[in-house]
Amino acid sequence: MIDLSTIPSPLVQIVIGLIGVLAFVGLNGLVCVYLERKVAGHIQRRPGPFEVGPHGILQPLADAVKLVAKQMITPKGADPILYWAAPLISFAPAIACFLPLPFGPKLQNVSINVGLILILAFSSLNVLALCLAGWSSQNKWSLLGAARDIAQSVAYEIPLLLSLLPIILLTGSLNLAEITQTQGPWPWQWLVVKQPLAFIIFFVCVFAETNRAPFDLPEAESELTAGFHTEYSGMGFGLFFLAEYSYMVVGCALASILFLGGYQGPVASGWWWFLLKVYALLLVMMWVRWTYPRVRFDQLLNLAWKWFIPLSLLNILITALVVKL
Amino acid sequence: MIGSKLKETFDGVVSLLIGLKITFKNFLKPNLTVHYPRKTVKPEELTGYRGHIELVPKPENPFVPRCIGCGLCRDICPSGCIEVRSKRIAEEKEIHTPHFGLQDTPLDLTRKVAPPQKTKIEIVSFELNYNYCSLCGLCVQNCPAGSLRFSKDIYLASFSSRDFEFDLLKRLEKQAQARLKEEEEWTK
Ligand code: SF4
Ligand code: SF4
C-alpha cells in the first residue's frame, strides 16, 4: 500500500486521496447493493440476484449502467436549481467525510486534530440536502418525507453526539488516528468494553441518521412511495443512493475506529482489519433492516428523547466521574 | 410505574434479539425457491398452490362431480363468482302397480299408487367467473361433499377476461376423457 504521508505537497496528497475515495465510494456502492440484495434474499430463503454473471455478481453493475443511461426528468412546478442541487449537496459532504478516516497506520488523507468534529459536521449537511429535495420536488410525498427527516435528524443528532463525548473524555483527543492508537490490538483493549452503552446508542443513532430501516421513515416506501426522492430519476436518484451507502460506511467506520480499535487487529494490523470491521458492521445493518418492521413516528421520537438522550447524559456523568477520580 | 416500564423495555429488547436470531437461522438455511426456467416444480409437488377452483369427480364415475347441489359455495363466496344450477330427477326404477289379485276387494285400488319415489340431484351447470375470485378458499373449505379443490394450472394467462369464465362441468368432462385416454394407452 502507498504511504500517503510521503507525498510532498499537501495539495497533491489531497487530490490523490480524493480520487482514491471516489473510487472507493463507487466500488462500495456496487458491493453494498449486491450484499444487501443477497442478504435480503437469503433471509427470505431465496437466492437474490442470480442471473447476471456468476451468482449475479454483475447485477449491480448492470443496474448502475441503467441508472446512468436513464433520462433525468425535472417535474413540472419543481424548482429546477434547488431540485438538482439537492443530490449534489447530499453526495459531496459524504466524500469529505472520508478524508480524515485512518484506513491504516499510514493510510490517512488528512491528519487533522479535529477529524471527529469534521465528520460529524459534514454528515449533518445531509439533512439540508434531503430537506431541499423534498421541498423543491413539488410533491406531497417528498415534502412529508423531508419533514419527517428533519424531525428525525434533529432528534437523533443529539444522542449521537452525546454518546461520543465519553470517548473524547477517555482518550482526550478528537484526532481519529490518535483515538485508534489509544486502543490495543486485542478485543478487550477496545473502547467498546469500557463504553458498551455508548456503542449501542451510537450504532442505533447511525441507523436513524442514515435513514436505514427500521428508522427509514423519510423514504417509507409503503407510505410515501419513496419519500424525499420520489421524483428523482436516473443519476439524481443514483447520487442519493450512493450517498446513503457512503454515510453508512462512514458511520460504521466511525464505530469501528472509536469503539472497535480501528485498523488494529490481533494479528498483522492494517487496513484489512479496518475494512473487515466496517463490512461486518454493514452486514449487521443489513441484517437488522431485513428483520424489523418500520417503527411508528411517535415510537421513533420517544426512543430518542426518552431513552437515548437521558441514558447518554448519564453515561457522560459516570464517565466524567470515573475519569476525574 | 418505573419498574413496569423497565420490564417492558427489557422484554422489548429480548424480543428484538429473538427476531435477529430467527432471521439469522433462516439466512443459513437452504433456499426454498427454484431457479425457474432451468428447474420447475412438478404439479404434484405444488401443494400450496391455488389456481382457480375445479370440481372433484366421484370415485366411481369420473364424469360426474361429487357435488350435491346444495349451493353453499355459491352463497358463501364473498365475490359471488359461483353459479350452480341443479334439478331433482326421479331415479329410474320399475313402477309399482297395485296387485291385480286384489281387484275384487271393496277398496278401490285400481288407480296407480304413487310409489315412494327416490330422487337424485343432477347438476345442470356449474359456472365460475374467475375474474372476481379472490382465491380465499371459503368454497373449498365449506363444501359438504368435498367437491371443490384448487387447480394446479400455473400457466393460466389470457388477454381476454372472457377466458376466465369457466364451465366447470365441461372442464371435468374433458379431464375425465383425458384420463380415460391415458388409461387406454397404458393398457395397450
Ligand atoms: S358446496 Fe359443494 S356440494 Fe354444495 S353446491 Fe357447491 S360444490 Fe356442490
Ligand atoms: S375461492 Fe373464494 S372467491 Fe374464489 S370462488 Fe371460492 S369462495 Fe369465491
Side-chain angles (χ1 to χ4, degrees), chain A residues 34-57 59 196-197 199-201 203-204 207-208 212-215 280-296 298-300 302-312 314, chain B residues 1-52 78-79 132-137 140 149-157:
Chain A
Y34 183 71
L35 279 182
E36 177 103 58
R37 294 181 61 182
K38 275 288 181 196
V39 168
H42 283 277
I43 281 180
Q44 295 165 358
R45 309 283 299 273
R46 55 187 174 81
F50 206 84
E51 299 304 318
V52 191
H55 282 260
I57 199 146
Q59 182 69 48
L197 185 63
F199 176 68
I200 292 170
I201 293 177
F203 199 48
V204 176
F207 276 84
R212 291 282 299 181
F215 304 121
L281 288 179
L282 278 174
L283 280 176
V284 172
M285 286 185 97
M286 291 170 186
W287 177 18
V288 167
R289 171 172 178 186
W290 296 103
T291 303
Y292 301 136
R294 185 178 309 127
V295 295
R296 239 176 26 229
D298 60 321
Q299 294 168 333
L300 174 98
N302 272 344
L303 191 66
W305 293 102
K306 287 195 185 162
W307 286 100
F308 285 170
I309 294 178
L311 276 180
S312 48
L314 195 71
Chain B
M1 177 61 201
I2 285 183
S4 69
K5 258 275 180 274
L6 282 179
K7 170 122 189 13
E8 203 177 287
T9 310
F10 181 75
D11 290 346
V13 172
V14 170
S15 76
L16 288 180
L17 293 178
I18 292 174
L20 280 179
K21 196 174 116 194
I22 291 172
T23 41
F24 187 69
K25 269 193 194 154
N26 277 296
F27 179 77
L28 296 179
K29 283 187 197 160
N31 287 332
L32 291 174
T33 51
V34 297
H35 294 263
Y36 166 61
R38 295 182 290 275
K39 245 197 224 162
T40 48
V41 181
K42 285 187 218 112
E44 58 268 23
E45 281 169 21
L46 282 171
T47 45
Y49 184 74
R50 288 187 172 189
H52 67 79
S79 324
Y132 303 126
C133 174
S134 52
L135 292 170
C136 64
V140 177
R149 67 177 172 217
F150 290 110
S151 59
K152 301 273 181 256
D153 185 4
I154 55 169
Y155 294 110
L156 185 68

Query - Set of residues satisfying ring pair (Phe, Tyr, Trp, His ring centres under 6.0 Å) with respect to B/Phe24, sequence neighbours excluded - result: A/Trp287

Query raised in the report: Less than 4.5 Å apart, any side-chain heavy atom of B/Leu46 and any of B/Ile154?
Result: yes

**Report entry** side-chain hydrogen bond (donor to acceptor under 3.5 Å, both in side chains) partners for B/Asn26, two or more places apart
**Finding:** A/Arg45

Query raised in the report: Considering heavy atoms only, which positions within residues 30-39 of chain B lie below 4.5 Å of chain A?
Result: B/Pro30, B/Asn31, B/Leu32, B/Thr33, B/His35, B/Arg38

Query raised in the report: Excluding sequence neighbours, so at least two apart, what forms ring pair (Phe, Tyr, Trp, His ring centres under 6.0 Å) with A/Phe308?
Result: none

Report task. Would you mind checking which part of B/Ile22 comes under 4.5 Å of any heavy atom in chain A, side chain (CB onward), backbone (N, CA, C, O), both or neither? Result -> neither

Query raised in the report: Hey, does A/Arg289 have a side-chain heavy atom less than 4.5 Å from the side chain of A/Met285?
Result: no

Query raised in the report: Is it true that A/His55 and A/Phe50 have ring centroids separated by less than 6.0 Å?
Result: yes

Query raised in the report: Nearest heavy-atom pair of A/Pro214 and A/Phe207: which atoms, and what distance?
Result: CD-CD2, 4.4 Å

Query raised in the report: chain B heavy atoms under 4.5 Å from A/Trp290: which part of the residue, side chain, backbone, both or neither?
Result: backbone

**Report entry** Side chain, backbone, both or neither of A/Gln44 within contact of chain B (heavy atoms, under 4.5 Å)
**Finding:** neither

